[in-house]
Structures are given as structure tokens and as C-alpha cells.
Amino acid sequence: MPADPALPVDAAQAADGFVDAVRRIEKGELAFPLPGSGRTAERFAALRGVAEAGLCTARLVEGHVDATAILAELGEPPLLAGELWGVWAAEPPGEGLVASRAGQGWVLNGLKQYCSGAHSCTRALVTARAGESRRLFAVEVDAGGCRPVEGSWQAVGMAGSDTPDVRFTNVPATAVGEPEAYVRRPGFWHGGIGVAACWYGGAVAASRVLRDAAAGRAEPHTDAHLGAVDVQLHAAEALLEQAAAEIDGDPTDERGGAQLRAMRARAFIESVCRTVLDHVGRATGAGPLCHDASHARTVADLTVYIRQHHAERELAGLGAYLARPEGSR
């Protein structure tokens, strides 16, 4: 499916990259093994690779492969060829989505924020309130009552991810799993580390101009910045490899370590990304940001993307979990 011709250029390019990646997945040319399959490290490496090439495309691809994993974990049929899936599960304050019964099925009404790929996805998994519970539903994105809200995505960084609010009006939906199953499954935490693997790929991409600068001229401060960046990236890579091995060793979280693992991994890799961006900027100055469009886009995109980690709010959650684990789950 070609990108919507009405999309801005950056969003159209990301959508085209998304379509191409899904076609390659379907042809067996690109693989994202399921979390806990014994090949989780390959999944994280594939996410990193897509992110190195472009963070907005990676945001869309990550949603598609996350949907694949969610459906498999909750015992649903696999995706069909040609489908482009998103996962729209942000729950910020505000109106939100409400699910209500309609005959043997459901309909969704309300506003869903942060719907990446709103103009390119054909289907999506969305969270909505059903009575007192939160529940996951599958919807057809091109249903008549599913409309992106014009002007609701004003981002500069991650502009190409096409992440507007979407207004739902009596949109037919199919329940996926039981109430609260989306957040209670082990894969919720495994998937969070997959997002961090994308952040890591963005940090690797952002570091390229520093490596090139150091290779082009011997200068001790530049070398020092590159050394600091290398330490951070090496540690992040090692953490992702360890996390993958731990997931494969306990895919259904029998030992109860999934939440703590994900909180630690996401917090650390977010901090690595911030540190890398700082060192690269200090070492190379304004030049690459002003004259290298690809680098400037990567920096802007990564700055926004890592804000999916909610900084001190999530660090406080980690601290509370460590101090009072029984009350934090």
C-alpha cells in the first residue's frame, strides 16, 4: 500500500519504509523472532538495525512486530499478508476510549492519543475502558468512524512517525484477551525493552558524525568524547544481550523478573541516549546539526522518542518497586 499522498514528505518516507519492511518480513528477508523464542537477541538486533536507518520508520515497524507478539501471546490468529498493524495503547490523561457492547461484539468511542502510523496502518490494537477494566481491542483503521484529528501532531522530532490523535465514532472492535490481559502478560515488559532497542539504534546512528570527526583529525577532546560514547554504547549493547538471554530463559516470567528487568533496561538506555547526544553535540558543535540533514533529523527524532520514558516518574516507580515490591506490581 503506497503512502497517503496527503502526508508530509517525512511521514510519507517513513510510511514507505514501513511498507517495505513489512514486505521483507513476509518474504522472510527480515526477521523479528518472538520474545522468549530463544532468539530474542535477534529481535532486539533487528529493531536496532531498523532504527539506525531511520527512527520514524522504526517506530512504525516496532508497532507492527509488537502487535505480532501480542496476538501470539494472547492466543490470537497471526497477521495476514498485506496487513500493517499499529499498537495504540497510550493512556495519558484526557478523554480516552470507551468500549461498549453492540450485539455480540463491541464498538469504540472517544479519542485515542499518540496513534503512530494513523494514515498508513490498516489495523491496530487499541486499549479502551470497558466498565471498570482496561481491555485490548483489534480494529480496522480504515473503518468509517476512525479519523485522525487534523493538526494534533505538531512534532518536529519524530514528525515522520505520523502520530496524531484519532477520533473513534462507533468503530466496530474485537476484544483481544481478557480484561487487563494486555498489561498483565509478561510480553508487556519484554516489548518495552524492544522499544529501548530502537532508542539504542538511534544513539548508534547519532554517534556516527563523532566517529567520522575523530577519524578525520587527531584531536584529544574529540577522542575523549568518542571514548565516552563508546563506553556508553558498549554497556547498552551488553545490557540488551543480557536482557534477551534472561527473557529466553524465562519467557513466561515464572521467576517474576520481567518488570524489574524492563524498568532497569529502559532507564539505563534512555540515559545512554541522553549522554550520547550530549557528547556528540559538544564534540562536533553546530556544524552537523546545521549542515547534515540526516544527523539533525536523527538527533531531533531521538530526543522525542526517548521521552516515551517518563524520566523521574519512571525512576520513582523503579525505586518504589525496589523498596516495596509487593505494593508496586
Handout entry: Donor-acceptor pair, side chain of D253 and main chain of A258, under 3.5 angstrom
Key = yes
Practice task
Look at E237 together with R48 and state whether they make a salt bridge at an N to O cut-off of under 4.0 Å.
Solution key: yes
Handout entry: Main-chain N/O of D165 paired to S152 side chain as donor or acceptor, under 3.5 Å
Key = yes
Problem - Flag side-chain contact, heavy atom, 4.5 Å: V272 against L233 - result: yes
Fill in the blank from the handout: Heavy atoms of A243 and I193 approach each other most closely as CB-CD1, 4.1 Å
Problem - Minimum side-chain heavy-atom gap V61-V22 below 4.5 Å - result: no
Handout entry: Verdict with reasoning, Q242 to R261, per side-chain contact (heavy atoms from CB on, under 4.5 Å)
Key = CA-CA 10 Å; Q242 177 181 330; R261 180 189 306 118; over 6 Å; no
Handout entry: Electrostatic pair E314-R264, nearest N-O below 4.0 angstrom
Key = no
Exercise for the section: Assess whether atom CZ of R208 is packed by more than 12 heavy atoms of other residues, nucleotides or ligands within 6.0 Å. Expected result: yes
Completion exercise
In short, L79 meets H64 closest at the heavy-atom pair CD2-CE1, 3.3 Å
Problem - Electrostatic pair R282-D278, nearest N-O below 4.0 angstrom - result: yes
Handout entry: R134 and E180, any side-chain heavy atoms less than 4.5 Å apart
Key = yes
Exercise for the section: Indicate if L136 and V166 have the same hydrophobic cluster label, given that clusters are the connected sets of ILVMFWY residues with side-chain heavy-atom separations under 4.5 angstrom. Expected result: no
Exercise for the section: Could you list all the ring pair (Phe, Tyr, Trp, His ring centres under 6.0 Å) pairs where at least one residue sits in residues 21-58, not counting sequence neighbours? Expected result: none
Exercise for the section: Spell out, as yes or no, whether a donor-acceptor pair under 3.5 Å connects the side chain of E140 to the backbone of R123. Expected result: no
Practice task
Considering only NZ, NE, NH1 and NH2 on the basic side and carboxylate oxygens on the acidic side, decide whether E270 and R274 come within less than 4.0 Å.
Solution key: yes
Exercise for the section: Determine yes or no for a side-chain-to-main-chain donor-acceptor pair under 3.5 angstrom, with S161 supplying the side chain and M158 the backbone. Expected result: yes
Problem - side-chain contact (heavy atoms from CB on, under 4.5 Å) between L55 and V304, intermediate numbers included - result: CA-CA 10 Å; L55 283 166; V304 172; over 6 Å; no
Practice task
Please identify each residue that fulfils ring-ring contact (aromatic ring centres under 6.0 Å, His included) with Y114, with sequence neighbours left out.
Solution key: none
Handout entry: Minimum side-chain heavy-atom gap P186-E73 below 4.5 Å
Key = yes
Problem - Side chain to side chain, L47 and V65, heavy atoms closer than 4.5 Å - result: yes
Practice task
Ignoring hydrogens and angles, tell me if any N or O in the side chain of R217 forms a donor-acceptor pair with the backbone of A214 under 3.5 Å.
Solution key: no
Practice task
Could you go through the salt bridge (charged side-chain N to carboxylate O under 4.0 Å, His left out) check for R255 and E246 one step at a time?
Solution key: CA-CA 10 Å; R255 294 190 287 273; E246 291 176 358; over 6 Å; no
Handout entry: CZ on F18 to CZ on R23, rounded to 0.5 Å
Key = 11.5 Å
Practice task
Look at the side chain of N109 and the backbone N and O of V98, then say whether any donor-acceptor pair between them is shorter than 3.5 Å.
Solution key: no
Handout entry: Closest non-hydrogen atom pair, G86 against A67
Key = O-CB, 4.5 Å
Practice task
Indicate the atoms forming the closest heavy-atom contact of E26 with G82, along with that distance.
Solution key: OE2-N, 2.7 Å
Practice task
Examine L260 and L315 and state if one hydrophobic cluster contains both, with Ile, Leu, Val, Met, Phe, Trp and Tyr joined whenever side-chain heavy atoms are less than 4.5 Å apart.
Solution key: no
Problem - Hydrophobic cluster membership, Y182 vs L74, 4.5 Å side-chain cutoff - result: yes
Fill in the blank from the handout: S120 and L84 have their tightest heavy-atom pair at O-CD1, 3.3 Å
Problem - Nearest-0.5 Å distance that lies between atom OG in S100 and atom CG in L108 - result: 8.0 Å
Exercise for the section: Check for a donor-acceptor pair, side chain of Q259 on one end and backbone N or O of G256 on the other, with a separation under 3.5 Å. Expected result: no
Problem - Joint hydrophobic cluster, V299 plus V156, side-chain heavy atoms closer than 4.5 Å - result: no
Exercise for the section: Find out if a path of hydrophobic residues (ILVMFWY) with successive side-chain heavy-atom gaps under 4.5 Å connects V280 to L302. Expected result: yes
Practice task
Give a yes or no on this: more than 12 heavy atoms of other residues, nucleotides or ligands lie within 6.0 Å of atom CD of E29.
Solution key: yes
Practice task
Would you check if F137 and V171 make a side-chain contact, meaning some heavy-atom pair closer than 4.5 Å?
Solution key: no
Practice task
Indicate yes or no: at least one non-hydrogen side-chain atom of V229 is less than 4.5 angstrom from one of R211.
Solution key: no
Handout entry: Atom CZ of R101 with >12 non-hydrogen neighbours under 6.0 angstrom
Key = yes
Handout entry: Pairs satisfying ring pair (Phe, Tyr, Trp, His ring centres under 6.0 Å), at least one member in residues 241-280, at least two apart
Key = H225-H279
Exercise for the section: Might you point out which heavy atoms bring S116 and W88 nearest each other, and give the distance in Å? Expected result: O-NE1, 2.9 Å
Exercise for the section: Indicate yes or no for a side-chain donor-acceptor contact from K112 to the backbone of A128 under 3.5 Å, with no hydrogens or angles considered. Expected result: no
Practice task
Side-chain contact test, heavy atoms from C-beta onward, threshold under 4.5 Å: evaluate it for Q308 versus V195 and give yes or no.
Solution key: yes
Practice task
Evaluate the salt bridge (charged side-chain N to carboxylate O under 4.0 Å, His left out) criterion for residues R59 and E62: first the C-alpha distance (whole Å), next the side-chain angles of each, then the deciding distance (0.1 Å), finally the verdict.
Solution key: CA-CA 5 Å; R59 175 68 191 91; E62 186 276 326; 3.2 Å; yes
